[in-house]
Amino acid sequence: MNQQQALQQTFEHARSCFPSLGDTYNGHPVLFFDNSAGAQVSRFVIDRVTDYYIHRNAQKGTIFKRTADMQQVIVEARQLAADLIGAAGHEEIAFGQNATNFFHLFAHHLGRDLTAGDHIIITEADHHANVNPWLELAERGIRVHVWNVDEYGSLDMQQFRELLELGPKVVAAGWASNATGTVHPMKEIARLAHEAGALVVADGVQAASHLPMDVKEADVDFAAFSTYKIFGPHMGFGYFNRGRLERLDGWKIQKELGQDAYFFEVGSQNHEGIEGFIGSMEYLAQLTRDAEGNGLSLSGTPFDEAAPGRRGTAGAMHFAQLYEQQLTAHFLERLQAVSGVILYGRPADDPSARLPVFAFNIEGIETDALGRALDEAGVEARTGNYLAISLMERLAGPFGGGALRISLVHYNTIEEIDRFFGILESALQKLK
Ligand SMILES: Cc1ncc(COP(=O)(O)O)c(C=O)c1O
């Protein structure tokens, strides 16, 4: 079996772990292509949530066994989140409602150390989850600067260097775009930002469902992730670089209450979701074992010699990235043959640094009408701006700042892509 076949076999099996992917709608097998908004969950997650309700459903903060077991599970889940993204350990992770809440929390805590006239950089490429919390600081006289993209939705590094000369205190930037699938050079962004004395708040939400993440290697200071986009329940978690936390005056005031990131898990948490998240990481660990059983190897990657938790989770994302490159190349090849197509982000003949996330319009076709026609045939795909509001206004202005988005992950298949293009062709014939 060559590498391509081994990847196909591994991910065909991975797909069979997701009961919802066998659904039908209107008599059609569903094509679930809205993964950038939220992915489906595997049996591992469903079983873990059920198990939680039977054996560990309790409130924290007392001594009986059910509570102790539940608390242990939360630490285990934080450790797995740390493993997935390459954090130092569970002390650097806090769970919470979603990524957006973490960006508000970062802006609140970092904002306590800022005064009128201080500078912050946000980007035109970001989901507004990592834009609006910073814009709110402008009300206190903090100067918020927008770092722009070029015509392909890539961040303009020259403009970044110029903005850094202002001596900003914070740079808030996305790791990958949820609209164009463009992967931004986060390591380079963090290096330049740190040289200028700024802290870096990264939006890791989109990248984490497609790539092995390494927050230490990229050297970001704070980051937020959505568990429901990494095959888990509807929640999020934050990464807090412990060394950098110490720099915050606001944090120093709170310090006697505890030094770990989970201080930020304020109030009661979604315990069933947190245990479900463990299921999503167990699924990834199983995926790594399956891939290796099929002859794929982690040798030569940073994950081969890593501790088991990191090896299992990030290792799976390494294989997922390889497989997704096949999906990306195939999708772009088929898309190029569609007449009148306008693809946003990198051009179709340049799949480099792009995730299998494709926002596009078709000349002369109303996007929502196309979305509805696809829905009737079982294609679950999103139209609109996906809250990458500024980016889509910039790229897709003539279409009202919106586009159809097909977003794939590792459980999607080449066969699904081919089926989609057949459905698209029929829909376009009807709409023209
Ligand atoms: C890049 C990006 N950042 C942030 C968010 C918001 O995440 P959450 O729903 O967890 O707040 C999304 C959701 O689509 C996203 O794609």
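Indexing begins at 1, ligand by ligand and atom by atom, following the structure's order.
- The nearest heavy-atom contact from the protein to atom 16 (O) of ligand 1 is Q206 NE2, 2.9 Å.
- Protein heavy atom closest to atom 7 (O) of ligand 1, with residue, atom name and distance, is S226 OG, 3.3 Å.
- Residues S20 and Q40 have side chains that bring a donor and an acceptor to within less than 3.5 angstrom of each other.
- Considering only non-hydrogen protein atoms, atom 15 (C) of ligand 1 sits nearest to H127 CD2, 3.3 Å.
- Near N178, the atoms of ligand 1 lying under 4.0 angstrom from a non-hydrogen atom of the residue are 1 (C), 16 (O).
- Nearest-heavy-atom check against atom 9 (O) of ligand 1 across Y228, F103, F102 picks out Y228.
- Judged by distance alone, the side chains of N98 and S226 never bring a donor and an acceptor atom under 3.5 Å apart.
- For the side-chain hydrogen bond (donor to acceptor under 3.5 Å, both in side chains) with H119, the lone residue among H145, K169, R143 that qualifies is H145.
- For K216, the side chain to side chain contact (heavy atoms under 4.5 Å, CB included) test picks out A88, E92, D214, Y239, N241, with sequence neighbours left out.
- When hydrogens are left out, the protein atom nearest atom 13 (C) of ligand 1 is K229 NZ, 2.8 Å; that is the closest non-hydrogen contact.
- Considering both main-chain and side-chain atoms, M235 never comes within under 3.5 Å of ligand 1 through any nitrogen or oxygen pair.
- With Q79 contributing its side chain and H90 its backbone, the two residues share a donor-acceptor pair below 3.5 Å.
- Of the protein's heavy atoms, T100 OG1, 2.5 Å lies nearest to atom 11 (O) of ligand 1.
- When hydrogens are left out, the protein atom nearest atom 1 (C) of ligand 1 is D203 OD2, 3.4 Å; that is the closest non-hydrogen contact.
- When non-hydrogen atoms are compared, ligand 1 lies under 4.0 Å from the backbone of A99 as well as from its side chain.
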